[in-house]
There are 2 protein chains.
Amino acid sequence: MVNGRIPRETVRVAEGIGIIGAGVAGLHLGLYLQLHGVPATIYSDKTPGQLAAGRMLNTVAHHNTTVTREQALGVDHWDLREYGYFCHHHYIGGPEPGAAPLRFPGDFEAPSRGIDYRVYLPRLIDDYTGRGGDFRVRGVGPGDLAQLARDHELIVVAAGKSGLASLFPPLAGRTPYEKPPRRLCGGLYRGIAYSEPKRVTMSIAPGHGELLEIPMFSKDGFVTALLFENVPGGDTEVLADAKYDEDPKAFEDLVLAKLRAHHPAVSERVDPASFGLTGPDDLIQGAILPTIRENYIRLADGRYAIALGDAHNVVDPVIGQGANSASYSAWELGAAIIEDPDFDERFCRKAAARRADRVNAIFDWTNLMIGLPPAPHLLELLGAMSASRQIADEFTNNFNYPERQWDILATPERTRSFLGRHGLG
Amino acid sequence: MVNGRIPRETVRVAEGIGIIGAGVAGLHLGLYLQLHGVPATIYSDKTPGQLAAGRMLNTVAHHNTTVTREQALGVDHWDLREYGYFCHHHYIGGPEPGAAPLRFPGDFEAPSRGIDYRVYLPRLIDDYTGRGGDFRVRGVGPGDLAQLARDHELIVVAAGKSGLASLFPPLAGRTPYEKPPRRLCGGLYRGIAYSEPKRVTMSIAPGHGELLEIPMFSKDGFVTALLFENVPGGDTEVLADAKYDEDPKAFEDLVLAKLRAHHPAVSERVDPASFGLTGPDDLIQGAILPTIRENYIRLADGRYAIALGDAHNVVDPVIGQGANSASYSAWELGAAIIEDPDFDERFCRKAAARRADRVNAIFDWTNLMIGLPPAPHLLELLGAMSASRQIADEFTNNFNYPERQWDILATPERTRSFLGRHGLG
């Protein structure tokens, strides 16, 4: 500069929003910005084809508030009448063998939908690129952030599994867990008849964990996701370690045995002759330590990076809120970007404030659901749900509005107050 | 209790919301709750008659966003076509005598309105009680709070001038001022012709302070509020100390002399023959130390008290935001109460979060407007307003949306970015 020449590399003008990650958070944000004419670039470490052909990413369903956002984004490709599900079914096993279980339904006001992300994400990437969106296949690590911050006015880190999430310090004292409270085994299965109408079953085996059974659309058509949430040391923990690849038949027999022993509300619809994992890649095993991180960090040159989705917070999948939370946060961040084009600390704080109540409610509600021993007021609410369809429906529909659920469950007093309003004081 | 007898006094059932204070905050909240069927009691240390006959309370105008709330509350009694005003006029004196002043207008999208609170508040109390509202004339001090907390499910302290505000600790480090930055002299005057169309004049005398001239409806009809914002040590400071009661004529002559010396955009419409204060009670002199306090405190028995309006934060009146802020906060608190009937700490935090951005923006914007020396980026914006009607209009209309104003003024970079978007890079 002093001699009047500007190196060619440095005259690149920073433009638009740099979004790292092509999960639901990154794509919903990218599509939102595209819709509003804000330049954005999505960086993905995988091509759409690699995503489609890869290992299963999760066993997530989108609740209707998320579907409504998909409609607004023009990516509602799966008719709810065909692909949706309409209610929950709850099964709570007795704490002792032989004790009478609780079984009760709960209805949504509007349907939810489970689409395998290996179908969902590539389709949304097609939408984004088909509309002219800038999509770049490029792995991004912490070392790339300084350059990206020069290339873009704002960086959004929406890649939970990259090394970038750890740049956002975890909030101390926000999680009640030091170790993952559940060990997970999620897979896609054939040979389980759907309920009529289609529904998700939430089955609780006290002391051992939960099973989520989710009607799911994958590349193989309509299949069933089974997500075993296994308490460490419980009878089903073995599912988190069993190796499908070493002996598929033994793995499937084990799953079936655990289903029969703990989750009769699901096993009663299994056809043993056709039951099985839909493929070796249709399985994920692991564990999640609930973590919530700082909303944003300051980069060089006064630029900021905002954490979105799993990069901001991860929750156990027991109530399937992670993806819905990511979509919601993407929407709120998009709205903040449209309202205020100055991406400084004030902007970051405003963006954080918009999502705070729901994100915190999801975090706390999820952690309560897997607490051991179960909180008495949670058991009280579950008992009331088994006796009152109205309460069960409200709890079920609140999967769309986690902050309302937390209004009911944040304290024993709140649960008592809620039950009192329903005449169960 | 141990002997099985419950003293009669303690079986009173806590009911509804206890609102301490019948200013705009308390009344707008009370009316909002009434509209939504939530029991509330307003405690006022004055009767409507005492309020009507007392000393002037302020020189405030309600911007259109506040008027819109009044319409929703059914208390919009003053037709905007007759009582409203439609724009600002800005006069900025040159820093040295003889330097050319800046004069420029700015339009609202929808009118504002100035009604003397001695007319306004009694009328709203009538509305509230006429609809069956519980209004109690009773001074409430800190010693009464424990009993009130037993009588009500939630206490709202909306009485800035009572000793109750000090129960909410001031937030350290939130104000740039250790002493009041302006000494005030506000009064109602006859003998000043209105502009056509009716407007507020904001006149700046560099180094000495500001004058706000506001068309105001009082018990005497259409009059003019003059609010002198006097810099300590400046030429107009004497107005904050001059005693009207000792020599009315001398006081009025002094006001007229200062008007002529510093605020020609107002003095040019004065008819000296009829000019004068409308009455000995139509004057307030004093000073305000900008203060923002904790949103809520915990009382005995797990009950909470929330600070509202002046009890939560006080700002210098230079941009007339205090009452509008109080009304906005009352509305947001009312909405929070409707949404969530459990008045615990979660509730208090949610209520605080709803109003935070606007309340903080008002606080910071007001403090910036009276900073000395003036911030260069504020001067830059004022200069741009004098050159661009579009910018002046946006600044003016943002009196309705203080958080948008702060988006423009929070940092020099933001002001530059705003001017750049208006082609003034």
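Side-chain atoms are counted along with the backbone in the values below, which use heavy atoms only and exclude waters and symmetry mates.
- For B:Ala410, the part sitting under 4.5 Å from any heavy atom of chain A is the side chain, from C-beta outward, and nothing else.
- Rounded to the nearest 0.5 Å, atoms CD1 (A:Ile17) and CG (A:Leu29) are 7.5 Å apart.
- Atoms CD1 and CG, on B:Ile391 and B:Leu424 in that order, are 4.5 Å from each other to the nearest 0.5 Å.
- Distance CG/B:Leu368 to CG/B:Leu378: 5.0 Å, rounded to 0.5 Å.
- Sequence neighbours left out, the pairs with a member in residues 342-362 of chain B that pass ring pair (Phe, Tyr, Trp, His ring centres under 6.0 Å) are B:Phe343-B:Phe347.
- Considering CG of B:Leu299 and CG of B:Leu145, their distance stands at 5.0 Å, rounded to 0.5 Å.
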If you check both backbone and side chains, which donor-acceptor pairs between chain B and chain A fall under 3.5 Å?
{"from": "B:Asp340", "atom 1": "OD1", "to": "A:Arg414", "atom 2": "NH1", "distance (Å)": "3.0"}
{"from": "B:Asp340", "atom 1": "OD2", "to": "A:Arg414", "atom 2": "NH1", "distance (Å)": "3.0"}
{"from": "B:Asp340", "atom 1": "OD2", "to": "A:Arg414", "atom 2": "NH2", "distance (Å)": "2.9"}
{"from": "B:Asp342", "atom 1": "O", "to": "A:Arg414", "atom 2": "NH2", "distance (Å)": "3.0"}
{"from": "B:Asp342", "atom 1": "OD1", "to": "A:Ser417", "atom 2": "OG", "distance (Å)": "2.5"}
{"from": "B:Asp344", "atom 1": "OD1", "to": "A:Arg414", "atom 2": "NE", "distance (Å)": "3.4"}
{"from": "B:Asp344", "atom 1": "OD1", "to": "A:Arg414", "atom 2": "NH2", "distance (Å)": "2.6"}
{"from": "B:Asp344", "atom 1": "OD2", "to": "A:Arg414", "atom 2": "NE", "distance (Å)": "2.7"}
{"from": "B:Arg346", "atom 1": "NE", "to": "A:Asp407", "atom 2": "OD1", "distance (Å)": "2.9"}
{"from": "B:Arg346", "atom 1": "NH1", "to": "A:Asp357", "atom 2": "OD1", "distance (Å)": "3.4"}
{"from": "B:Arg346", "atom 1": "NH2", "to": "A:Glu403", "atom 2": "O", "distance (Å)": "3.2"}
{"from": "B:Arg346", "atom 1": "NH2", "to": "A:Asp407", "atom 2": "OD1", "distance (Å)": "3.1"}
{"from": "B:Lys350", "atom 1": "NZ", "to": "A:Asp407", "atom 2": "OD1", "distance (Å)": "2.6"}
{"from": "B:Lys350", "atom 1": "NZ", "to": "A:Asp407", "atom 2": "OD2", "distance (Å)": "3.0"}
{"from": "B:Asp357", "atom 1": "OD1", "to": "A:Arg346", "atom 2": "NH1", "distance (Å)": "3.4"}
{"from": "B:Glu403", "atom 1": "O", "to": "A:Arg346", "atom 2": "NH2", "distance (Å)": "3.1"}
{"from": "B:Asp407", "atom 1": "OD1", "to": "A:Arg346", "atom 2": "NE", "distance (Å)": "2.9"}
{"from": "B:Asp407", "atom 1": "OD1", "to": "A:Arg346", "atom 2": "NH2", "distance (Å)": "3.1"}
{"from": "B:Asp407", "atom 1": "OD1", "to": "A:Lys350", "atom 2": "NZ", "distance (Å)": "2.6"}
{"from": "B:Asp407", "atom 1": "OD2", "to": "A:Lys350", "atom 2": "NZ", "distance (Å)": "3.0"}
{"from": "B:Arg414", "atom 1": "NE", "to": "A:Asp344", "atom 2": "OD1", "distance (Å)": "3.4"}
{"from": "B:Arg414", "atom 1": "NE", "to": "A:Asp344", "atom 2": "OD2", "distance (Å)": "2.7"}
{"from": "B:Arg414", "atom 1": "NH1", "to": "A:Asp340", "atom 2": "OD1", "distance (Å)": "3.0"}
{"from": "B:Arg414", "atom 1": "NH1", "to": "A:Asp340", "atom 2": "OD2", "distance (Å)": "3.0"}
{"from": "B:Arg414", "atom 1": "NH2", "to": "A:Asp340", "atom 2": "OD2", "distance (Å)": "2.9"}
{"from": "B:Arg414", "atom 1": "NH2", "to": "A:Asp342", "atom 2": "O", "distance (Å)": "3.0"}
{"from": "B:Arg414", "atom 1": "NH2", "to": "A:Asp344", "atom 2": "OD1", "distance (Å)": "2.6"}
{"from": "B:Ser417", "atom 1": "OG", "to": "A:Asp342", "atom 2": "OD1", "distance (Å)": "2.5"}

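- For the pair B:Leu167/B:Val157, no side-chain contact is recorded, criterion being any heavy-atom separation below 4.5 Å from C-beta on.
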